[in-house]
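We name chains A, B, ... by the order of the sequence lines, and we start the count at 1 in each one.
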Amino acid sequence: MTRLLPRALMAPAVVTLFLWMIVPLCMTLYFSVIQFNLLQPDQRAFVGLENFLYFATDPSFTTAVLNTLLLLGSVIGITVVGGTAIALLTHEPFAGRGIVRVLLISPFFVMPTVNALLWKNMMMNPIYGVLAQVWQAFGAAPVDWLTDHPLASVVVMVSWQWLPFATLILMTALQSLDREQMEAARMDGARWLQQQRHLVLPHLARPITVVVMIEMIFLLSVFAEIHTTTGGGPGDASTNVAYLIFKQALLKFDAGVASAGALFAVVLANIAAVFLIRMAGNSLER
Amino acid sequence: MTLSRTLIVLHAVRTLAAWAVALLLFFPLGWMLLTAFKTELQAIAVPPVLLFPPTLENFHEIHVRSDYLLYARNSVITSVASTLLGLLIAAPAAYAMAFFRSRRTQDVLMWMLSTKMMPAVGALVPVYVLAQSSGLLDTRTGLVIVFTLSNLPIMVWMLYAGLREIPPEILEAARMDGATLWQEARRVLLPLSMGSLASTSLLCLVLSWNEAFWSLNLSSAHAGTLTTLIATYSSPEGLFWARLSAASLLAIAPIVVFGWFSQKQLVQGLTFGAVK
Amino acid sequence: ATEIVIATVNNRQMIEMQKLTPVFEKANPEIKVKWVTLEETVLRQRLTTDIATQGGQFDIMTIGMYETPLWAKRGWLKPFQPDAAYDIDDLLPGIRGGMSHEGKLYSAPFYGESSFTMYRSDLAKAAGITLPEQPTYQDIAHFAAKVHDPAKGLYGICLRGKPSWGENMAFLTTLVNVHGGQWFDMGWKPQVDSKPWHDAIGFYVDLMKKYGPPGASANGFNENLTLMSAGKCGMWIDATSAAGSLSDPKFSKVADTIAFVRAPIAVTHKGAGFSWSWGLAIPSSTKKEAAAQKFINWATSKDYVKLVAETDGWIVVPTGNRKSTYAYPEFQKVSKFGAMELKAIEAVDVRDATLPKSPYQGVQFAAIPEFQAIGTEVGQQISAALAGKTRVADALKAGQRLAEREMKKAGYTR
Amino acid sequence: MAYLQLKGIEKFFGGHRAIKGVDLTIERGEFVVFVGPSGCGKSTLLRLIAGLESTDGGSLVLDARDITQAPSSKRDLAMVFQSYALYPHMSVHQNMSFALQLAKEDPAIVRQKVERAASILNLGSYLERTPRALSGGQRQRVAIGRAIVRAPKVFLFDEPLSNLDAALRGQTRVEIAKLHRELGATTIYVTHDQVEAMTLADRIVVLRDGQIEQVGSPLELYDRPANQFVAQFIGSPQMNVVAADQWAAVWRPQAPAAARDGAMGLRPEAVSVVAPGLHPVEARIELVEALGAETLIYARTVDGAALVARQSARCAWHAGDAVSLSVDLAQAHWFDAAGRTVRTVH
Amino acid sequence: MAYLQLKGIEKFFGGHRAIKGVDLTIERGEFVVFVGPSGCGKSTLLRLIAGLESTDGGSLVLDARDITQAPSSKRDLAMVFQSYALYPHMSVHQNMSFALQLAKEDPAIVRQKVERAASILNLGSYLERTPRALSGGQRQRVAIGRAIVRAPKVFLFDEPLSNLDAALRGQTRVEIAKLHRELGATTIYVTHDQVEAMTLADRIVVLRDGQIEQVGSPLELYDRPANQFVAQFIGSPQMNVVAADQWAAVWRPQAPAAARDGAMGLRPEAVSVVAPGLHPVEARIELVEALGAETLIYARTVDGAALVARQSARCAWHAGDAVSLSVDLAQAHWFDAAGRTVRTVH
Ligand SMILES: Nc1ncnc2c1ncn2[C@@H]1O[C@H](COP(=O)(O)OP(=O)(O)OP(=O)(O)O)[C@@H](O)[C@H]1O
Ligand SMILES: Nc1ncnc2c1ncn2[C@@H]1O[C@H](COP(=O)(O)OP(=O)(O)OP(=O)(O)O)[C@@H](O)[C@H]1O
Ligand SMILES: [Mg+2]
Ligand SMILES: [Mg+2]
């Protein structure tokens with residue numbers, strides 16, 4: 001009875017998720033070894049690993065993998081560092097803290113497409129964009145963000161979206177920081193910075209893992225922002241793996257290669273996740 | 001008293017810095033808000049116009065062109081329904097994991113998260129084919145199912161963390177008081193997990209609301225959500241920024257406002273939801 | 001009532017059609033019309049996914065000259081059946097041909113377009129330049145150099161730079177065409193690394209770097225339209241359909257001063273201007289063919305043109321599909337560009353658009369399924385060159401490799 | 001007939017045998033206290049009786065009904081948890097009436113029962129508060145109130161006072177004793193507190209490592225512990241135990257033969273400190289703790305044995321003083337090498 | 001000269017005056033214990049001394065230096081928190097050496113100091129563990145160790161043992177006493193535990209509602225409380241206080257005039273229970289608690305006064321028995337109507 005009940009309760013979630021994972025996965029596996037272009041549905045020969053080979057030999061492949069990792073790394077870096085800083089800044093009460101919080105978390109509610117359009121058109125446009133105006137106001141030549149720093153621009157947009165998320169989680173985590181620990185450190189002669197470094201940061205280790213994990217899942221599959229703004233370019237300067245797959249699937253309509261790419265992405269994600277998940281798992285359990 | 005004077009200065013500096021950061025981060029959104037009330041020519045004026053008579057023309061145009069209410073209704077229905085359905089599936093699982101822990105609990109959780117790692121676009125064709133053969137294309141039901149499934153891991157995860165904060169003795173006390181499983185769940189567990197349920201729901205609501213890939217690809221005339229409305233305006237005949245801003249504003253306004261109002265819940269719930 | 005779902009692109013003319021739907025519904029009370037309006041690239045993805053999987057979500061699809069022959073060949077489309085009142089011979093022959101497969105019309109042209117040169121007559125006057133009706137690219141470069149004045153926020157020329165087969169490559173293909181180039185030779189071997197390409201792309205990158213606006217490599221049709229209408233560009237070579245918007249003072253600062261000449265030429269005049277048309281087609285997966293046919297008959301008819309004219313004025317009527325439209329005196333009166341547009345469209349032959357003979361049809365594209373991918377990949381390379389990330393020669397070499405790769409995978413070449 | 005009967009109860013956690021075949025019978029109305037060191041299985045045994053854990057062997061009989069397999073909700077027991085486990089979202093009244101409501105009791109009767117319990121526990125004026133708004137002692141009383149409204153067959157208390165501060169603890173202990181007298185309910189009570197065990201219990205069950213060491217009335221255990229473990233576990237300060245090699249010469253002849261290589265136990269009150277030379281056992285004082293009413297004197301004999309003496313008078317000794325110890329050997333306990341009590345006749 | 005001096009210390013929380021002008025001098029090496037009911041301001045006073053709260057009035061002088069405005073980190077005090085407040089991510093060694101590291105002490109000296117502290121506290125084998133892996137008592141010792149490595153001017157303890165169970169508590173208490181003897185460090189210790197206060201303190205400070213009620217050595221407070229509050233607060237079980245209207249007739253003549261409308265206080269050991277008729281004060285027994293070494297007898301006189309008697313012998317009385325009470329009036333405390341002690345000469 002006590003063994004059956006939990007299983008029965010978990011069954012719906014486990015079964016649906018299993019199906020949700022396994023059915024597309026199997027189909028993807030199948031597609032990945034046949035020649036399957038949506039535009040030529042009649043030619044479905046078995047091609048073995050050719051699709052994988054084709055995907056992996058794409059001239060943009062290396063760049064895409066690097067960009068994926070770069071995007072992942074920098075957004076996580078920015079959001080964690082920025083989020084921690086903002087959380088610390090807004091930790092103790094001050095005038096209008098409620099409003100400040102509302103303003104801070106708003107970007108999280110913005111759809112990725114709107115986010116991309118907003119930045120591309122109204123912020124980063126080299127002629128009308130707000131940034132260009134600001135640059136000009138200071139007498140500098142406006143920067144053509146999307147052309148000259150395409151990946152950095154994408155990083156900015158994505159970070160803008162996820163920074164509030166990190167802030168929110170870290171902000172709440174700070175509230176559970178033991179006050180007496182901080183006081184003990186003060187008694188031990190620690191100054192503000194030392195308190196942050198020796199106590200606050202270690203305390204935030206766990207929420208930071210949470211942030212990193214959730215963000216990783218979403219960041220590995222960023223493509224709306226790229227598609228809407230740089231289209232992966234110039235060249236392949238802002239192409240990531242998800243966008244590469246997107247191109248295969250919805251531009252070339254090559255479901256075979258796209259499937260191979262998707263499987264590759266799963267592998268990539270798992271490699272990135274394995275040590276992360278271990279870390280998170282441990283820190284979640286403590 | 002020199003000590004407290006430096007403290008006051010420090011406090012003031014911190015307050016200013018916090019406000020500065022907040023305004024900076026909010027600026028793009030605020031700018032969009034302004035632009036939505038400009039005319040097209042004002043929208044692209046250089047240097048930007050800050051003072052202008054606000055116009056509702058853009059909203060009118062959107063109203064004429066597309067059935068905003070239909071999209072909004074679809075968004076509300078699909079995100080709310082998928083959240084509810086998700087809760088229905090995730091809550092029992094999270095409960096089982098939190099209160100009947102075994103060695104495999106952690107593995108199951110991690111496995112669930114890992115199901116989110118396949119890029120959606122890679123699974124498009126299989127899912128499209130499945131949806132089509134089951135008649136779920138362009139139905140809200142179809143979207144609800146897909147949203148639910150893609151949010152499920154995160155829901156289970158957050159709820160699990162939240163439920164683990166509830167001392168098992170309280171449930172045992174109810175059991176000793178003669179409560180059946182159902183009574184225990186409804187009268188004790190439910191009220192106690194309100195906080196994490198609320199924050200989990202809010203997060204999933206936001207994620208469903210903003211979901212663009214599946215809603216765009218699995219819907220057409222009937223089930224389209226506000227993200228598909230954006231796709232109608234994202235690159236119209238010439239960049240009509242004011243209109244685009246208005247459309248974007250309409251698309252995100254409900255969830256942003258809702259988010260503002262439930263901000264407290266989110267902060268509280270997340271504390272024990274994701275972190276503790 | 002029968003409900004039909006129409007997928008369409010969010011262009012001005014289509015939105016007009018959407019707004020006029022009640023008229024159709026009143027005349028045909030048994031039919032209800034639902035619209036799905038999407039941005040072009042998204043639309044193409046949606047439609048392809050749906051039609052290839054026989055999804056059956058749409059009863060009418062808005063597709064262009066590129067998809068029509070391909071899809072018709074696959075048997076994915078039902079032929080258009082004009083009713084008695086439909087004057088099918090009024091359709092412009094070039095456009096009609098491009099929308100047909102084996103002589104049957106599969107997609108009724110809703111509007112058509114070519115490309116031409118749009119410029120600011122006030123700037124031309126100030127600079128003392130008069131552009132001939134058929135300019136060469138040397139004339140264009142000369143004009144751009146003269147009017148370029150970035151300090152005042154005015155750039156000599158705006159051209160597409162955003163990488164996509166439907167964006168920068170559409171324009172660049174015509175540029176290559178007039179330089180005597182082509183996409184594939186008769187043996188389907190990609191020609192991207194050939195001399196005409198180097199000439200054309202070299203010229204383009206050089207021109208844009210000197211006289212183009214900043215961020216040109218991200219500019220597509222829409223971005224350029226905005227720039228042009230905001231008075232930021234001296235000239236712009238692009239689709240004729242932009243002329244309507246630019247002439248409308250509500251959206252355009254330059255409505256009064258805009259002027260039009262033919263698309264520029266270089267070593268040849270062949271393939272100088274686009275040939276494009278958006279048409280309405282019926283996927284074979286539909287179960288509501290009769291209603292769909294009825295709607296298409298209505299929306300692409302002469303009467304529809306008149307209906308638009310009556311409701312919103314002649315300036316916004318769909319053009320480029322019917323000869324008769326250009327014949328209306330009211331239309332001639334309001335549109336400065338009409339005559340030029342008709343000339344441009346009539347001048348194009350999608351079957352003979354390149355100087356050397358080509359195995360494919362299409363002016364600014366090659367109507368084979370692989371072209372989307374190849375065009376976009378090459379477009380990305382050129383866009384990188386435009387952004388200064390690579391040299392033109394390297395970009396074309398890389399483009400050539402990519403094209404060869406695709407063609408090999410698709411089995412055209414060994 | 002026994003009211004509650006445990007027969008050969010076994011419990012495994014994974015491979016760990018936490019309860020090793022416990023047999024115990026409890027009479028109706030009895031107050032039984034479980035004591036034992038941390039981790040010895042007190043809570044587990046209680047939870048097995050409550051049905052919160054499933055047994056891996058043996059059987060449970062309550063009021064002539066086998067309840068080994070019955071779910072908790074059907075056993076008609078009430079439990080007071082160490083952490084109170086109050087329902088935080090319910091008022092005191094709702095907390096107390098929850099069980100009755102679940103049992104579909106008539107609302108009028110529910111009100112009456114709750115009010116009676118509240119008046120017994122002095123909770124009358126807090127009925128509408130939620131647990132959050134109560135002090136620790138009040139929460140404790142609510143937890144007890146929740147149990148008593150139900151008039152269950154058996155009350156189970158798991159270290160109910162361990163979260164209270166000393167003052168409140170004493171107070172609540174007296175209340176529990178009074179309650180038990182008034183209600184006469186069968187009660188099982190887990191504690192690690194000496195005073196609670198001694199004052200509340202009819203019988204004390206001493207557990208060690210999943211097994212029962214001894215069962216008996218408080219004074220029985222105090223005066224006649226079955227072994228050294230029980231002897232040292234009961235009583236505070238704990239019994240002085242002096243190993244045979246530290247015995248003073250004068251003690252040795254008195255020791256029963258079986259204890260010669262064992263140890264001698266002396267309650268602190270059996271030791272008194274007198275001026276040096278008055279008694280043959282010389283010692284030095286290490287610490288004097290004056291508690292007001294009584295004084296604890298820590299001394300070490302020349303043989304190295306550390307002894308605590310307890311006296312109710314004030315004393316003038318100070319740490320470091322040389323003294324002699326008078327020991328009432330008649331009160332001594334003797335243990336053999338295995339720690340078992342060696343019975344002597346006196 | 002006083003080592004630590006508090007002069008008219010005031011503290012407001014919003015409008016609430018939590019500390020009301022406290023004056024206190026503490027000598028070098030003294031062990032001072034703060035006691036008082038919950039919320040009386042013990043912790044606040046400690047935190048004011050530590051500099052964790054800012055004072056709203058008065059001044060603090062430590063070792064002839066005015067530290068009223070100095071930040072905590074500059075006061076050279078060490079505090080042991082009730083919750084230990086160990087740094088959870090640091091090993092025991094790191095926890096203990098943190099303060100020294102911040103002070104940029106030479107690593108060799110740090111190691112030496114930590115090792116010395118660890119050996120005093122018997123923590124030698126746990127130095128590499130994190131607090132998570134320690135038992136409550138061990139954590140407690142780490143918290144103390146963290147304080148002693150610094151050799152601060154004053155140790156501050158805020159209810160350091162309240163989280164421990166009874167057994168561990170007794171043990172740690174003895175350790176703290178030993179430590180204080182060995183290090184001779186000036187110590188301020190907050191507790192609500194009688195035994196701790198009595199055994200550890202050189203002087204006890206009784207606080208009530210933000211004010212000092214009495215300062216004195218433990219036995220001074222026990223024997224000569226300044227008022228009824230102190231009298232009842234010190235000692236366990238607490239002093240019996242009988243209001244004048246419940247006095248037995250024989251007590252009345254003995255009472256000093258000032259106490260006639262006040263109350264009489266009697267320590268439980270000043271009351272003994274004898275057979276009925278032997279003494280003029282008739283009573284009935286309500287409860288008998290046999291603790292082993294001693295017995296508490298709760299009785300109620302015919303005049304309605306509830307009295308607890310404590311005796312070290314076993315007794316044969318049972319609840320309900322009629323008895324008479326023998327009271328040693330020489331040991332009685334007398335209080336006037338305002339609760340002040342009325343001094344009598346004996
Ligand atoms: N759920 C469990 N899983 C595994 N082992 C357990 C579990 N519950 C208890 N144990 C183990 O069973 C033994 C008895 O535990 P129990 O809680 O009954 O001790 P206890 O006597 O109540 O101790 P304490 O006085 O510390 O509360 C311990 O060794 C404990 O580690
Ligand atoms: N930060 C604060 N804000 C407002 N009031 C406070 C604050 N800290 C303490 N108080 C109030 O000051 C008074 C003294 O509190 P303090 O913590 O010093 O009591 P205490 O003697 O330590 O009690 P306890 O024995 O319960 O720990 C109490 O009434 C308390 O409510
Ligand atoms: Mg226990
Ligand atoms: Mg306190």
- request: Taking heavy atoms only and a threshold strictly under 4.5 Å, list by residue number the residues of residues 22-31 of chain B that touch chain A; give 'none' if the list is empty.
  value: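 Only B/Ala22, B/Leu23, B/Leu25, B/Phe26, B/Phe27, B/Pro28, B/Leu29, B/Trp31 of residues 22-31 of chain B have a heavy atom under 4.5 Å from chain A.
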
With a 4.5 angstrom heavy-atom cut-off, is it the side chain or the backbone of [X] that approaches chain A, or both, or neither?
X	answer
B/Leu249	neither
B/Val206	side chain
B/Thr35	side chain
B/Leu207	side chain

A/Leu72 and A/Met216, any side-chain heavy atoms less than 4.5 Å apart: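 Yes, at least one pair of side-chain atoms sits under 4.5 Å.
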
Mind checking whether B/Val156 and B/Val108 have side chains closer than 4.5 Å, heavy atoms only?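 Contact flag for B/Val156/B/Val108 side chains = no.
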
Quick check for you: among B/Ala90, B/Pro153, B/Ala123, which has the greatest number of heavy-atom pairs under 4.5 Å with chain A?
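Of the options given, most contacts go to B/Pro153.
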
- Flag the one option from B/Ala96, B/Pro126, B/Ala120 with the top tally of heavy-atom pairs under 4.5 Å to chain A.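 The option with the most such pairs is B/Pro126.
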
Please classify the contact of A/Ala224 with chain B as side chain, backbone, both or neither, using a heavy-atom distance under 4.5 Å.
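For A/Ala224, there is no contact with chain B at all, as no heavy atom is under 4.5 Å.
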
Residues B/Ser208, B/Asn151; criterion side chain to side chain donor-acceptor pair (under 3.5 Å); working and verdict
CA-CA 8 Å; B/Ser208 304; B/Asn151 284 339; 3.0 Å; yes

Quick one: pull up OG1 in A/Thr28 and CE in A/Met21 and give me the separation to the nearest 0.5 Å.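 Reported value, rounded in 0.5 Å steps: 11.0 Å.
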
